[in-house]
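This report refers to the structure that appears directly beneath it.
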Protein chains: 2
Amino acid sequence: MQNPWRTLSSRTIYRNGWLSLREDRVIRPDGAEGIYGVVELRPSCGVVAINEDDQIALVGQWRYVHDKYSLEIPTGGSEQGETPLDAAKRELLEETGLSARDWTALGTIDNSNGVTTDVAHIFLAGNLTAGAPVPQGDEQVEPRWMPFAEVVHSVMEGEITESVSVAAILKVELLRRGHASP
Amino acid sequence: MQNPWRTLSSRTIYRNGWLSLREDRVIRPDGAEGIYGVVELRPSCGVVAINEDDQIALVGQWRYVHDKYSLEIPTGGSEQGETPLDAAKRELLEETGLSARDWTALGTIDNSNGVTTDVAHIFLAGNLTAGAPVPQGDEQVEPRWMPFAEVVHSVMEGEITESVSVAAILKVELLRRGHASP
């Protein structure tokens, strides 16, 4: 398929430190003129960090937009000019105090891809060293260890719902089981 | 954990038919005053529809925000006042022409939950009846059937990256295998 959209013009509506919103005037796939609002976010990351006892490092935090507590893997947006892997190392350290010697990329997922540019890069981190978390002013996270099997169960039961956590934990579980080949 | 955020005021910056953006003045968890930009989206849905030959209904479409072709399960936003299940039935019909007699809710995932309110409701649909798709002006989708095992492989290989599709397909695969209990 070729790109069936045409962009006529583009204007920035809003910008803060984390996101910008632009509105494009477009020709839609059916030939009609319309608008398209795009929320621009820098690439983000999520880290599945597992220790020698097969426990995974999770962080609980209050999610402002949903006004609820959410248990997740360490996740976060990258900073300007930062690679996804560097962002993953920084987020893991900030939120849990952990450093990892082994890093494996497990692919990307596209969040709300009708609206946002958020691409989350997933990593598996092993060979961990504990240190002190580096709390950031705009977040207050509670790190904790949970048995990996229990966390897979929590995802399946709908107790963990953050998209990057769900995708990353289930990918790791299927990799361990030997995923289906076509 | 109690809500560590306080909202001082809120103003709407932008609104179109699909999203609205508001900026809140807040007291952050560390006590400092700041802003929080929230992208408000209505609940969305994603459907894993599987036929008698164990093939899953996928749709390929050009994703404007990423300027790339993306292979996904049928997904979409709900309309005002529509339940997630009704949205799922409508999106499946519009994008593939399929109706289903069996519907199973497989939970929700939160997309970009630092920024957007997008909660995607995932459904498994079975006992399918074919009909004609109902194309919408703002999308141009290519429906196709693929063997379920092959699609799990595509997710694990990073060829399918849309977050709702990844979560839904891997959840169904683990349900079939009997997911781990704690």
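- Residue contact with chain B, scored on non-hydrogen atoms closer than 4.5 Å, is absent for V151(A).
- Put simply, the side chain of T12(B) never gets that close to the backbone of S20(B): no donor and acceptor are under 3.5 Å apart.
- Contacts of V115(A) with chain B are made by both backbone and side-chain atoms, with heavy-atom separations under 4.5 Å.
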Only distances under 3.5 Å count here; give the side-chain donor-acceptor pairs of residues 41-48 of chain A to other protein atoms, sequence neighbours excluded, each with its distance to 0.1 Å.
unit_1 : atom_1 : unit_2  : atom_2 : d
R42(A) : NE     : S78(A)  : O      : 2.8
R42(A) : NH1    : Q80(A)  : OE1    : 3.4
R42(A) : NH2    : G17(A)  : O      : 3.3
S44(A) : OG     : D118(A) : OD1    : 2.9

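- Looking at R90(B), E94(B), E95(B) one by one, the single match for side chain to side chain contact (heavy atoms under 4.5 Å, CB included) with V134(B) turns out to be E94(B).
- Using a 4.5 Å cut-off between heavy atoms, L170(A) contacts chain B through both its backbone and its side chain.
- Identified under the ring-ring contact (aromatic ring centres under 6.0 Å, His included) test for residues 101-128 of chain A, with sequence neighbours left out: none.
- The choice from G107(A), S112(A), G158(A) that makes the most heavy-atom pairs within less than 4.5 Å of chain B is S112(A).
- Within the 4.5 angstrom heavy-atom criterion, no atom of V164(B) approaches chain A.
- Relative orientation of the W5(B) and Y64(A) rings is tilted, given thresholds of 30° and 60° on the angle between their planes.
- Within the 4.5 angstrom heavy-atom criterion, atoms from both the backbone and the side chain of A167(A) approach chain B.
- For R22(B), the part sitting under 4.5 Å from any heavy atom of chain A is the side chain, from C-beta outward, and nothing else.
- Interface remark: of the candidates E142(A), R63(A), E72(A), K68(A), R63(A) forms the most heavy-atom pairs closer than 4.5 Å to chain B.
- No other option in N16(B), I169(B), N111(B) has as many heavy-atom pairs under 4.5 Å with chain A as N111(B).
- Annotation: maximal heavy-atom pairing with chain B below 4.5 Å, among N113(A), V65(A), V38(A), occurs at N113(A).
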